[in-house]
Amino acid sequence: MIIENNESKYLKLLAKDFPSVEDAQAEIINLMAILNLPKGTEHFLSDIHGEYEAFNHILQNASGTIKIRIDEVFPELMPSERRTLATLVYYPEEKLEILKKETEDLHGLYSSILYRLIRLLKRVSFKYTRSFVRKEMPPEYAYIIEELLYGSEEEALGRAHHKQDIIESIIEIGASDDFIKDMCNMISRLAVYRLHVVGDLFDRGSGSDKVIDLLKKQNRVDIQWGNHDILWMGAAAGNRSCIANVIRICTRYDNLHTLEVGYGISLRPLVTFALTTYKDDPCTGFKAAVTKKDAMYDTDLDTLRKIGKAIAVMQFKVEGQLIDEHPYYECESLKLLDKIDFENKTVNIDGKDYPMSTCNFPTVDPKDPYKLTPEEDAVMSRLQDAFMESELLQDHVRYLFANGSIYKVFNGNLLFHGAVPMTKSGEFDPVQTPDGPLAGKKWFDYADTMVRAGYFGSADPDKRKRGVDLFWYLWCGYKSPLFGKKRITTFERLFVEDESTWKEAKNPYYNHIDDEEKVEMILAEFGANVESGCIINGHIPVKKGSKAVHANGRCIVIDGGFAKPYQKTTGIAGYCLVQNSYGFILSANEPFESKEQAILKELDIHSTSVATESSSKRILNRDTDQGKEIAERIEALKNLLVAYREGIIQQGR
C-alpha cells in the first residue's frame, strides 16, 4: 500500500480516534448500518414572521408527523385518547398537570402514560442507530430510557418483569413528571431529523425573539435568510436604513414590545421627538395594522402613528443617502422626497404626477430633502447605538450567521428565500457590483460573503462599509435574491392614495418556475440534483386560487401565510413541507387559535394535504449528503485497516 504524505497525516489523526484494528472495524460496521437505514425526516418551514405560538406548536407536532405515528402505534385507542396523548407530547408540562387533576388513580395514570410513551419513542427512533438515539437522551435518564426501549432483549432472557420494575421504580421515587417531560421532548426531537427554515423569522408577529430562542434549542437546523431577517441583521450591524425600516414595521404592527422588552432597545428619544415634531399632525397614513380592540399591549395608537411617520421620514432620508453612495444599486426610483411638489401637493413617480395625501413634512428641506435635521441625526445616532449594544439581538444575529446563509443545497434540493434574478427571456440577470457584474450562484455567494465581512468586520474598511450598506440592498433591492421584486413601494403606500402606484412587480423568476427546463437550469447552476432535486422557497404568499407546486413538482413555494395579516389573502395559516424516506408531503394549515385552546380542548392545527410526491424506492441514508460523507469515512477507515495490517501505522499510537 502506497500512502501519499497528506493521506498519511489524515490516517494518523484518524488512528487517534480508532487506535486498533478492532476499533476501526467496529466503526465501519456501525457506519455501514447507518447507510442502510431510511433517511431521516426533513421538515421545511418559511415566513414565520414572529408567530411564536403557531411555530412552537408545529415544531412540537412535527407538522403532523407525531399525530401520524400515534395513529400507527395505537390503533386500539379511541380517537379522544390519541388526541390526549398527542397534546401531552406537544405540551407535557401543562397537559400533565391537567390530567393529574382529573384522576383519582395517579399511579395508574403515570403507568399508562409511561408505557405509551415508550411505545411511541420506539416508533419514532427506528430510523436511527442506538448510538444516535443515546446522544438524544437526557443524560440523567439515558440508562433508564435505553433499558425501556430495548427491554425486549432482556424479556427474551426470562426477565419479563424488567420493564415493569423500572416503571414502578420511576413512579415510586416521584420522578414521573420529569421523566415524562423528557420523554415527550425526545419524541418531538426524533420525529424530525433536520429542520430547514427558509427565511423570515422576524417582523409582524410579536415573538421574533422567542422564535429564535426556540430554534437555538433544536439540534439540527439550517436557516436560509429572508429579507426580513437580513433587515434585522443589518440593523444589528448599525445600518441606519435597516434600523429605520425595522422600527417603522414594528410600529405598523403594534410590535414595539419586541424591540423594547425583547431586545431592550430604548425608543424614548424617538418617541419624544415624534410627539414634539408631529404634535398636531393626525398622521392618518400611518394607521396601525391593528385596531384598538386587537392591540396587543394596550398601545396608544395615536402615538404609534406619530412614531411611524417620524421614523419613516428619517428612513427615506437615509435611504436616499445610501442610494447616492451606491449608484450601481439601481435604486434611484426609490428616491421620492426630491420629487415632491410642495405647492401642488403632488409627487412625480415614473414621470407622472400623483396627488399626495399630505405634504406636512416639517423636517424636510425641499432644497436638500435627504439631509437629516440635527434633531433627527441625534435620534438616529441614539438608535444606532441601542441596536448595536443590544446583547440579545447581537447573540441572535450571530446565531443566524452561524446556522444560516443566503442559500443551501441539501440532499440534492436547493433552498433559498426569494428569487434568482432572471431576465424575461429566462437567463440569469447580472447584478452590478464594485467587483464587476455577477449572476446566478456567483451573485448569491458574493452577497453572502459581503454581509459577513460587514458584520464581523473586514480588515479592509471600505469592504466592511460596503458590506454593512449591502444589508439594506438585500432587504429591498431590485435584484436582491431575498426580495425578488422590481421595487418596494413603501413611500407610495404611505402618502399616495392611488393604489396603482402600490404595485410591486415580481422578478421574472416567478414567471419561469413553471418551466421545468428553467428550474433544472437553476438547480444545475447551484450544484443541486438536476434529475430529482427540487427548489424550495418562500417569500411570496400563495394567495387563494394560486398554486404552491410548480414545474411538475420541481419547485415548491411554501409561504402560505404564517403571519396573521396575510391570512385574509392566503386563506390558510402557512404551508408545512415534509420529506421522509418515501418523498414529499405538502400540507396547508388552518389558523392556530392559541396554546391555551390547544391544551384545554386538545385542538390541533388542522392540516390538509396539498400535494405528495413519492419516490419509486425508499430513500436510504446512503442516498443523502450525509450518506456520501459516511461513505468517504468508511473508505478512510478501510485504508486505516490496511495500514494497520501492513504495519505502516502502529496500533495504539
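Keep in mind the model is a prediction, meaning the values are calculated, not measured.
Pairing each heavy atom of G477 with each of F483, the nearest pair is O-CD2, 3.5 Å. Contact detail for P92 and V89: the closest heavy-atom pair is CD-O, 3.6 Å. Counting all heavy atoms, side chain and backbone alike, M388 lies closest to A236 at CG-O, 3.7 Å. The minimum heavy-atom distance between N227 and L474, with the atom names listed, is CB-O, 4.1 Å. A pairwise comparison of heavy atoms in G262 and L392 identifies O-CD2, 3.1 Å as the closest pair. Summarising the geometry of D222 relative to Q224, their closest heavy-atom pair is OD1-NE2, 2.8 Å, with the distance given to 0.1 Å.
Judged purely by distance below 3.5 Å, without hydrogens or angles, the side chains of H550 and D514 pair a donor atom with an acceptor atom. Using a 3.5 Å distance cut-off with no hydrogens or angles, the side chains of Y455 and Q394 do pair a donor with an acceptor. H228 and D47 form no side-chain donor-acceptor contact under 3.5 Å, judged by distance and modelled atom types alone. With 3.5 Å as the limit, one finds no donor-acceptor pair spanning the side chains of N580 and E42. In summary, the side chains of D448 and Y407 do not present any donor paired with an acceptor at a separation below 3.5 Å, with no hydrogens or angles considered. Residues D209 and H396 bring no donor and acceptor atom of their side chains to less than 3.5 Å of each other.
When atom types are taken as modelled, the side chain of D229 and the backbone of G226 share a donor-acceptor pair closer than 3.5 angstrom. When atom types are taken as modelled, the side chain of D625 and the backbone of N411 share a donor-acceptor pair closer than 3.5 angstrom. With S208 contributing its side chain and D203 its backbone, the two residues share a donor-acceptor pair below 3.5 Å. Side-chain N or O atoms of R452 include one that pairs as donor or acceptor with a backbone N or O of F401 at under 3.5 Å. Looking only at distances, a side-chain donor or acceptor of N245 sits under 3.5 Å from a matching main-chain atom of S241. When atom types are taken as modelled, the side chain of R194 and the backbone of G40 share no donor-acceptor pair closer than 3.5 angstrom. Side-chain N or O atoms of T449 include one that pairs as donor or acceptor with a backbone N or O of D445 at under 3.5 Å. Although no hydrogens or angles enter the test, the distance criterion places a donor-acceptor pair under 3.5 Å between the side chain of W443 and the main chain of K479. Counting only distance, with no hydrogens or angles, the side chain of T501 and the backbone of D498 share a donor-acceptor pair below 3.5 Å. Looking at S390, its side chain does come within 3.5 Å of a backbone N or O of L393 through a donor-acceptor pair.
Within the model, atoms CZ of F471 and SG of C242 stand 7.5 Å from one another, a figure rounded to the nearest 0.5 Å. Of the inter-residue distances, the one linking F286 atom CZ with L301 atom CG reads 15.0 Å to the nearest 0.5 angstrom. To the nearest 0.5 Å, atom CD1 of residue I599 and atom OG1 of residue T87 are 8.0 Å apart. Residue L414 holds its CG atom at 10.5 Å from NZ of K441, rounded to the nearest 0.5 Å.
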If you apply the rule side chain to side chain contact (heavy atoms under 4.5 Å, CB included), what do you find for E93 with Y91, and how did you get there? CA-CA 6 Å; E93 188 169 351; Y91 304 106; over 6 Å; no

Working note: M233 + L400, criterion side chain to side chain contact (heavy atoms under 4.5 Å, CB included); need CA distance, chi angles, decisive distance, verdict. CA-CA 8 Å; M233 293 161 75; L400 292 178; 4.0 Å; yes

Applying side chain to side chain contact (heavy atoms under 4.5 Å, CB included), run through V198 and I558 and close with a yes or a no. CA-CA 9 Å; V198 194; I558 61 173; 4.1 Å; yes

Which is it for R487 and E492 under the salt bridge (Lys or Arg N to Asp or Glu O under 4.0 Å) test, yes or no, and what are the steps along the way? CA-CA 11 Å; R487 73 180 181 204; E492 294 88 331; 3.7 Å; yes

Report the C-alpha separation of W225 and F202 in whole Å, then their side-chain angles, then the decisive distance to 0.1 Å, and conclude whether the ring pair (Phe, Tyr, Trp, His ring centres under 6.0 Å) test is met. CA-CA 10 Å; W225 308 323; F202 284 96; over 10 Å; no

Criterion side chain to side chain contact (heavy atoms under 4.5 Å, CB included) on N537 and S46, from CA distance to verdict: CA-CA 8 Å; N537 66 279; S46 84; over 6 Å; no

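The side-chain contact (heavy atoms from CB on, under 4.5 Å) test with I249 is passed by exactly one of I311, T490, N255, L231: L231. Of the listed residues (I48, L195, N403), just one forms a side-chain contact (heavy atoms from CB on, under 4.5 Å) with L215, and that residue is L195.
Look at D71 and K67 and you find no salt bridge, because none of the NZ, NE, NH1 or NH2 atoms lies under 4.0 Å from a carboxylate O. The pair K39-D623 does not count as a salt bridge, with every side-chain nitrogen at least 4.0 angstrom from each carboxylate oxygen. Between K442 and E525 no salt bridge is recorded (no basic side-chain N to carboxylate O distance below 4.0 Å). Ionic pairing of E504 and K485 is present here: one or more N-O contacts between side-chain nitrogen and carboxylate oxygen are shorter than 4.0 angstrom. Under 4.0 Å is where a charged nitrogen must lie from a carboxylate oxygen, and between R554 and E516 at least one such pair does.
In this structure, K335 places its NZ atom where more than 12 heavy-atom neighbours from other residues, nucleotides or ligands lie under 6.0 Å away. In this structure, K503 places its NZ atom where only 12 or fewer heavy-atom neighbours from other residues, nucleotides or ligands lie under 6.0 Å away.
In summary, the aromatic rings of W502 and F491 are positioned with their centroids too far apart to meet the 6.0 Å limit. Between H196 and F410, the ring centre distance stays below 6.0 Å. Here the two rings, on Y473 and H326, have centers that are 6.0 Å apart or farther. In this structure, F444 has its ring center closer than 6.0 angstrom to the ring center of F526. Taking the six-membered ring for Trp and the full ring otherwise, H43 and Y193 have centroids separated by 6.0 Å or more. Ring centers of W232 and Y263: under 6.0 Å apart, within the cut-off. Two rings, from F428 and Y509, have their centers 6.0 Å or more apart.
Both cation-pi conditions hold for K486 and Y478: the charged atom is under 6.0 angstrom from the six-membered ring centre and inside a 45 degree cone around its axis.
Under the 4.5 Å side-chain criterion, counting only non-hydrogen atoms from C-beta, V557 is in contact with I513.
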